[in-house]
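First the structure, in the form of structure tokens, and then the observations on it.
Model, not experiment: these values are computed from the prediction.
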Amino acid sequence: MDNPEDHAYLNQLYTMTRGDTDAQASMYDIGAALGVEKTEAASLAESLFIQELAELKTLSGGIRITAKGVKALGKASPSSSQPQALSLGRDPVLSAETKKRVTGVLADIKTVLEKEKSSYPWIEEMVLDIKTMEIQLLSPNPKTGIIREIFKSMHGNLKQSDANTLNQTLTAIISA
């Protein structure tokens, strides 16, 4: 996958289907989540079909991620062995593997946030925490302490939501 747009589209497909190779999402909804028009969303999906990273399942635009697509993202499908709890570790800088896993948790948080019907100030605070983490992850040496503190802030805010599984994940991250 040479193109960053393809990667972003594939990652959004993974997020919306939770990595389940049997689940479908609308190619247009994926594009809308990324802020692209329907024609561009269809073009990005077609690029993934050619690379065998996704498959068209319905004529109305339902697509699914393939095992090859999950592997291309460096993630595990939910049906594979249960992943161990994410630990940020005590090193001052995140390892490459931990950075990938943090990005996966961040994608899960975004998915939960998309479904939330909370007040604007609550959503605004969550979005700002997400953006702060995304900027930190752009660093060649993302700081473990900063990532941990952002997760603590998000955990405090997510306690107000119905995201119990995500709250358990964040509890494990910040307590390790």
Once you round to the nearest 0.5 Å, how far does [atom1] of [X] lie from [atom2] of [Y]?
X	Y	atom1	atom2	result
F49	L56	CZ	CG	4.5 Å
I30	I65	CD1	CD1	9.0 Å
N141	K99	CG	NZ	9.0 Å
K71	T66	NZ	OG1	11.0 Å
S26	K57	OG	NZ	15.5 Å
I150	K152	CD1	NZ	12.0 Å

For a quick test of reading the model, state the closest non-hydrogen atom pair linking [X] to [Y] and the distance between them.
X	Y	answer
A45	I63	CB-CD1, 4.4 Å
T17	A25	CG2-CB, 4.0 Å
M16	D29	CE-CB, 3.8 Å
T21	A67	CG2-N, 3.8 Å
D6	L48	O-CD2, 3.9 Å
Y28	A42	CE2-CB, 4.4 Å

Check for a donor-acceptor pair, side chain of [X] on one end and backbone N or O of [Y] on the other, with a separation under 3.5 Å.
X	Y	value
T144	D91	yes
R64	A23	no
Y14	G69	no

Side-chain heavy atoms of [X] within contact of [Y], under 4.5 Å:
X	Y	answer
L137	L94	yes
L53	Y9	no
L88	V102	yes

Indicate, with yes or no, if F151 and V93 share a hydrophobic cluster defined by side-chain heavy-atom contacts under 4.5 Å among Ile, Leu, Val, Met, Phe, Trp and Tyr.
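They do not share one cluster, since no chain of ILVMFWY contacts under 4.5 Å joins V93 to F151.
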State whether the number of non-hydrogen atoms from other residues, nucleotides or ligands found under 6.0 Å of E46 atom CD is greater than 12.
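No, because the 6.0 Å sphere around CD of E46 holds 12 heavy atoms or fewer from other groups.
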Is K38 atom NZ crowded by more than 12 heavy atoms from other residues, nucleotides or ligands, each under 6.0 Å away?
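Counting other residues, nucleotides and ligands, NZ of K38 stays at 12 neighbours or fewer.
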For R18 and D108, run side-chain contact (heavy atoms from CB on, under 4.5 Å): C-alpha distance rounded to whole Å, both residues' side-chain angles, the deciding distance at 0.1 Å, then the answer.
CA-CA 8 Å; R18 298 193 156 287; D108 291 343; 3.8 Å; yes
Indicate every side-chain donor-acceptor pair of residues 124-136 with a distance under 3.5 Å to a residue at least two apart or in another chain.
from	atom 1	to	atom 2	distance (Å)
E125	OE2	N157	ND2	3.3
D129	OD2	S153	OG	2.6
K131	NZ	E134	OE1	3.4
T132	OG1	L128	O	2.7
E134	OE2	K110	NZ	2.4
Q136	OE1	K143	N	2.8

Set of side chain to side chain donor-acceptor pair (under 3.5 Å) partners for S60, sequence neighbours left out
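S60 satisfies side chain to side chain donor-acceptor pair (under 3.5 Å) with T58 once adjacent residues are dropped.
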